[in-house]
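Each ligand, and each atom within it, is numbered from 1 in the order the structure gives. Residues: numbered from 1 along the sequence shown.
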Amino acid sequence: MNKKSVAVLGATGMVGQRFIQALVNHPYFEISVLAASPKSAGKKYSESAKWYLEGGMPEEVKGMKVVSTEARIEADIAFSCLPSESASEIELRLAKQGAAVISTSSNFRYDDDVPVIIPEVNIEHVGLLLEGQRKRRGFEKGFIVKKPNCTTTGLVMTLKPLQDKFGIESVIMTSMQALSGAGYEGVPSMAIVDNVIPYIGGEEEKVEKEVLKLLGNGRKDAKMKVSCSCNRVGVTDGHLESAFVKLGRKASVGEVKRVMREFEGEVQKMKLPSAPIPPLIVMEELDRPQPRMDRYAGEPERAGGMAVAIGRVREDNVFENGIRYSLLSHNTVRGAAGNAVLTGEYLFKKGMV
Ligand code: NAP
């Protein structure tokens, strides 16, 4: 198989390193460019990146020269994980050049012509929106696809089967979010050790908006109410969330667990390399999921961290037709790089890149 050439933009950061883990020895993709800020450019990857992840820096990238995002970059696919305020210019430039840009940054996420994708949930939005995007932005072959905020991603994966089967009227969610969600230097240790911070700037607004876009039909937002409260906790990886959902009709705890367990998307049927089977793991233990134990949920091997672990499914005491549960998803894998790579795998198999 002829592999597609891939650039990672923001390759030295937390999410960039997850992209590298997901792309090394990938059956469809070959890393050809590692790009970061001018400060890292011109050095070998092993000299410019401080590796944060388990398993150590892969040999395949150690000797690659990091280029500046300001340089000319040639690749079939650009996986972008730049700070949102630095991402727009380069993402537009690469899409104009003909690349498929698949991005974890929040710039463009709320534009009507930009699909925001969780492959199992709304992959059809890509087909619906891309023609309009190309016309509007003057792209001939390239395009821009976004993935949602990491906190939105796990929540929406659990809501999708409920919406399809029972309908949803409203959702209340409280998150306990990992430190890696803010980048390596994001939260000072003195602020978070022995502490919980009940505020993450802009996060609640993002989740509340994105749930509606993802569960909508691609042109119109879903009609439901969403309210959330986001907290930073002293956990390295994995966002734990408590969800309280008012369903459109009465459903028993058993029915809810069954539809969650049976849920799958086209990417599971296609057996794509990063597609977890199953995508939702419903646990029966009373004290699970937990970040330390369950953040790498997902089989087969390439899909570790791509499944969402769910536990404590029970009736809600406040909402009529209410259900409540806990969910855990790995914020830099399913919530960022892994979700983007799975989207790339789908687009590749469909001949769109
Ligand atoms: P990070 O660890 O701070 O990494 C940022 C990367 O961008 C580094 O490679 C950095 O290169 C590069 N960069 C910074 N400023 C740049 C500039 N002006 N021009 C070109 N490159 C620049 O951040 P992160 O946590 O990986 O997050 C990256 C993006 O993904 C953000 O938009 C974030 O919102 C999004 N995201 C993060 C998560 C998460 O859980 N962390 C989840 C979903 C989405 P240097 O090393 O050269 O500075």
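With sequence neighbours excluded, the residues that form a side chain to side chain contact (heavy atoms under 4.5 Å, CB included) with M293 are R288, Q290.
Just one residue in the list E345, R302, K3 forms a side-chain hydrogen bond (donor to acceptor under 3.5 Å, both in side chains) with H26, and that residue is E345. Across T151, N149, T153, T152, a single residue satisfies side-chain hydrogen bond (donor to acceptor under 3.5 Å, both in side chains) together with E210, and that is T152.
Ion pairing of E89 with R93 is present here, as a side-chain N (NZ or NE/NH1/NH2) and a carboxylate O approach within less than 4.0 Å.
Atom CG of L53 is separated from atom OG of S180 by 9.0 Å, given to the nearest 0.5 angstrom.
Of all heavy-atom pairs spanning A275 and P300, the tightest one is O-CD, 3.7 Å.
Near ligand 1, residues G10, A11, T12, G13, M14, V15, A36, S37, K39, S40, T69, C81, L82, P83, S84, S86, T104, S105, K147, C150, S180, G181, G183, N331, T332, G335, A336 each place a heavy atom inside the 4.0 Å sphere around the ligand atoms.
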